[in-house]
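Note sheet for the following structure.
Any value given below was found using the heavy atoms of this structure, including those in side chains, with hydrogens, waters and symmetry copies removed. Each ligand, and each atom within it, is numbered from 1 in the order the structure gives.
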Amino acid sequence: MNEFDVMIYAAKRAGNLLRRHFGQLHNSRTKASAINLVTEMDERAQTLILETLQTAFPDYGFLAEEAPQAPPEDRPYWIIDPLDGTTNFVHGYPFLAISIALAEGKVVQAGVVYQPLSRELFTAVRGKGAMLNNRPIHVSHASNLATCLLASGFPYDAWENPNNNSRQWSAMLRRVVSLRSDGSAALDLCYVACGRLDGYWELDLDPWDMAAGSLIVAEAGGWLSNQDGEAFDLFGRSIVASSPGIHRDMLEVLQSC
Ligand code: 2AM
Ligand code: CA
């Protein structure tokens with residue numbers, strides 16, 4: 001198997017695990033036990049993914065949500081989010097994904113985002129376009145914010161974090177058809193890539209939330225930047241991803257905040 005096939009295989013193995021355990025958290029359970037189960041799922045999914053990738057490519061490094069470390073500079077590495085949408089998993093809200101990217105330095109070469117509940121597989125290889133279940137996808141043709149559906153999200157520490165996105169959210173709300181906040185950055189990016197959303201932004205993310213999804217958007221014809229309109233940086237915390245025709249207007253709204 002080549003790298004791309006192994007990424008897909010790893011994502012599907014983890015997806016099978018998460019699907020089996022999704023919905024096991026009932027309201028009768030305590031919050032502590034819900035958090036324990038989700039932590040266990042995160043860790044088990046990550047172990048499964050790493051085992052799969054490292055058996056096939058033992059020399060590659062990795063950067064993963066449950067084991068953050070500096071990415072290697074001298075060799076390719078995997079960027080892994082074993083369960084993006086943790087809060088959704090706890091609540092039985094069926095919007096979550098496994099995200100796996102292959103990067104060299106700061107450049108993502110391939111990305112896979114798998115939604116195990118709907119079995120939607122979003123993929124991209126640099127220079128070769130983006131696909132949903134093996135069919136090419138493209139961003140929407142939106143050119144007017146007033147006709148757009150956008151998504152965004154909020155950090156876990158929103159109660160204390162002054163950069164919690166609430167000002168940007170309310171400014172954008174006045175300019176678009178509507179906004180969504182569905183709790184999985186990786187999947188939100190894929191929804192932009194296939195035109196279900198016209199754009200997405202978030203201010204305080206980690207590389208594993210963005211890596212695979214950012215390449216999938218770019219390969220689907222979308223534009224990417226950080227919140228200041230500068231070139232998108234995997235390690236730069238913020239992302240604005242959209243159809244080309246509304247990118248500048250999104251930035252203008254975000255920068256007015
Ligand atoms: P998670 O589910 O893997 O934790 C919610 O809008 C999105 O942001 C999810 O992808 C969530 O990832 C991520 N997220 C939430 N809070 C975050 C934080 N403080 N830092 C980085 N990513 C965060
Ligand atoms: Ca995540």
Query raised in the report: What do we get for D188 next to ligand 1 when only non-hydrogen atoms under 4.0 Å count, side chain, backbone, both or neither?
Result: neither

**Report entry** Salt-bridge contact D59-R75 (side-chain N to carboxylate O under 4.0 Å)
**Finding:** no

Query - Atom indices of ligand 1, in the order listed, that fall short of 4.0 Å to a heavy atom of P155 - result: 16 (N)

Report task. Return a yes/no value for T86: is any of its N or O atoms, backbone included, closer than 3.5 angstrom to an N or O of ligand 1? Result -> yes

**Report entry** Residue portion contacting ligand 1 (non-hydrogen atoms closer than 4.0 Å) for D209
**Finding:** side chain

Query - Presence of salt bridge, E3 and R126, under 4.0 angstrom - result: no

Query raised in the report: the Ca ion (ligand 2) to D84: any N/O/S contact under 3.0 Å?
Result: yes

Requested in this report: List every atom of ligand 1 that sits less than 4.0 Å from any heavy atom of L83, numbering the atoms from 1 in the order shown and giving each element.
Outcome: 3 (O)

Requested in this report: Consider ligand 1: state whether an atom of it lies below 4.0 angstrom from any non-hydrogen atom of R237.
Outcome: yes

Query raised in the report: Taking atom 9 (C) of ligand 1 as the point of reference, which of G183, S99, S181 owns the nearest heavy atom?
Result: G183

Requested in this report: Report yes if some N/O of Y156 lies less than 3.5 Å from some N/O of ligand 1; otherwise report no.
Outcome: yes

Query raised in the report: Is a side-chain N or O of N165 found less than 3.5 angstrom from the main chain of Q168, in a donor-acceptor match?
Result: no

Query raised in the report: Salt-bridged, E252 to R248, with N to O below 4.0 Å?
Result: no

Query - Donor-acceptor side-chain pairing of N161 and Y156 below 3.5 angstrom - result: no

Requested in this report: Check the hydrophobic clustering (I, L, V, M, F, W, Y; side-chain heavy atoms under 4.5 Å; chains of links allowed) and say if L132 and L149 are grouped together.
Outcome: yes

Query raised in the report: For the Ca ion (ligand 2), what is the closest N, O or S atom on D209?
Result: OD1

**Report entry** Protein contact of atom 7 (C) of ligand 1 - nearest heavy atom, named by residue and atom, plus distance
**Finding:** E202 OE2, 3.7 Å

Query raised in the report: Linking I/L/V/M/F/W/Y whenever any side-chain heavy atoms sit under 4.5 Å apart, do L179 and L203 land together?
Result: yes

Query raised in the report: Can you find an N or O of A185 that's nearer than 3.5 Å to an N or O of ligand 1?
Result: yes

Query raised in the report: Identify the closest protein heavy atom to atom 18 (C) of ligand 1: which residue and atom is it, and at what distance?
Result: D204 O, 3.7 Å

Query raised in the report: Which residue owns the protein heavy atom closest to atom 12 (O) of ligand 1, what's the atom, and how far is it?
Result: D84 OD1, 3.0 Å

Query raised in the report: Got the closest protein heavy atom to atom 21 (C) of ligand 1, with its distance?
Result: D206 OD2, 3.1 Å

Query raised in the report: Is there any N or O on G85 that sits under 3.5 Å from an N or O of ligand 1?
Result: yes

Query - For the Ca ion (ligand 2): the N/O/S atom of D81 at shortest distance - result: OD2

Query raised in the report: Do the side chain of Y77 and the main chain of G105 share a donor and acceptor less than 3.5 angstrom apart?
Result: yes

Query raised in the report: Are side-chain heavy atoms of S238 and D204 found at a separation under 4.5 Å?
Result: no

Query raised in the report: Checking R237 side chain against L205 main chain: does a donor-acceptor pair fall under 3.5 Å?
Result: yes

Query - Interfacing atoms of ligand 1 (cut-off 4.0 Å, heavy-atom, S184) - result: 10 (O)

Query raised in the report: How far is atom 13 (C) of ligand 1 from its nearest protein heavy atom, and which residue and atom is that?
Result: L205 CD2, 3.9 Å

Query - Donor-acceptor side-chain pairing of H247 and S225 below 3.5 angstrom - result: yes

Query raised in the report: Are D188 and R180 close enough for a salt bridge, meaning some N to O gap below 4.0 Å?
Result: no

